[in-house]
Amino acid sequence: MLKKIFALILLTTFVVSCGSRKSTGKIATKNAEAVSVIKKHYSSETKFNTVSGKLRAVYQDEEKTQSVNLSFRMEKDKAIWMSASILGFPVAKAYITPTSVSYYEKVSQTYFEGDFSLVSEFLGTPLDFQKLQNLLIGQAIYDLRTEEYDFVQSPRGFQFVKDDAMLMKKMFLLNPSSFKAEAQQLIQDKDNRGLTVTYDEYQSINGLVFPENIRIIANEGGSSTNIDLTYRSLTFNEQVSFPFDIPSGYEEISLK
């Protein structure tokens, strides 16, 4: 089960990685109101060092629906760790840093251990830890400061759209009160592939705003895969560890 969640997380990063640019500190969009909203989106980003808690994941594709409970830990900009358990017994773990991607599953006794360059070579496009982190904490997956966006204010919130027919259509909807992401959509028409991420609820814990529920829908060809993530019992800025040791005798998953 965690393998599917892990694979979809990598898929979301794959979909969103095309044409990534680094921020130079300047905002490319010229609209003054849009510039103000973009600045508030980044100034209101939740400030924390670590977060840990429980994560309920429901995975659905054309064949079946499955659910799993995970322990979740993150050290911002440094590490993301997930451990899946069934009836209290660990069955799988994933550990992701800006330079490494590791995973193992006890049922199949398989593991993967490498870095983003290896996974990028396998998928044919560069991967990015920062985008994955942004998706999980309610920030815009792409840096809104680096490209010119069409800006619209609607009753639902602030909408930023960039439509590049040759590459990708990007849409970001920000909440008008919190300036956190309400929805993000990325579409590659030529490859018949798309990703939609919606944030149904946010929670405030000791003044720190964090998603409560994230819905991920990945479409490719005629197939669709959904994952609902629900955060529970979150604590911030406590010391966390990331225990991860691949058991001996497991078979390595090769991406070559």
Quick one: do Glu147 and Lys170 satisfy salt bridge (Lys or Arg N to Asp or Glu O under 4.0 Å)? Show the steps, please.
-> CA-CA 11 Å; Glu147 297 180 281; Lys170 310 169 191 172; 2.6 Å; yes
Glu45 and Lys40 ion-paired at < 4.0 Å = no
Ser108 and Thr110: side chain donor to acceptor below 3.5 Å | yes
Parallel, tilted or perpendicular: ring planes of Phe151 versus Phe158, cut at 30 and 60 degrees = parallel
Can Glu75 and Asn49 be counted as having a side-chain donor-acceptor contact under 3.5 angstrom?
-> no
Where the side chain of Arg215 meets the backbone of Ile227, is there a donor-acceptor pair that is under 3.5 Å apart?
-> no
Is it true that a side-chain atom of Tyr202 and a backbone atom of Ala181 form a donor plus acceptor pair closer than 3.5 Å?
-> yes
So, does Ser178 use its side chain to make a donor-acceptor pair with the main chain of Asn175 at under 3.5 Å?
-> no
Does a donor on one side chain sit under 3.5 Å from an acceptor on the other, for Asn219 and Ser224?
-> yes
Is Glu105 salt-bridged to Lys93, going by a charged N under 4.0 Å from an acidic O?
-> no
Would the Tyr111 and Tyr250 ring centres measure less than 6.0 Å apart?
-> no
Would you call Lys162-Glu148 a salt bridge at under 4.0 Å N-O?
-> no
Is there a donor-acceptor contact under 3.5 Å from the side chain of Glu212 to the main chain of Thr230?
-> no
What's the spacing between Phe172 CZ and Leu186 CG if we round to 0.5 Å?
-> 5.5 Å
Test ring pair (Phe, Tyr, Trp, His ring centres under 6.0 Å), reference Phe244, set Tyr104, Trp81, Tyr103, output is Tyr104
Side chain of Lys30, backbone of Ala28: donor and acceptor closer than 3.5 Å?
-> yes
Candidates Gln139, Lys180, Arg145 - the one meeting side chain to side chain donor-acceptor pair (under 3.5 Å) with His41 | Gln139
Kindly give the heavy-atom pair with the smallest separation between Val68 and Ala84, and that separation in Å.
-> CG2-CB, 4.0 Å
Answer yes or no: is there a donor N or O on one side and an acceptor on the other, between the side chain of Gln133 and the main chain of Asp77, under 3.5 Å?
-> yes
The single option from Asn69, Asp228, Asn213 that satisfies side chain to side chain donor-acceptor pair (under 3.5 Å) with Arg56 is Asn69
Could you tell me whether the side chain of Ser102 and the main chain of Glu113 form a donor-acceptor pair under 3.5 Å?
-> no
Is the distance between the ring centroids of Tyr231 and Phe72 under 6.0 Å?
-> yes
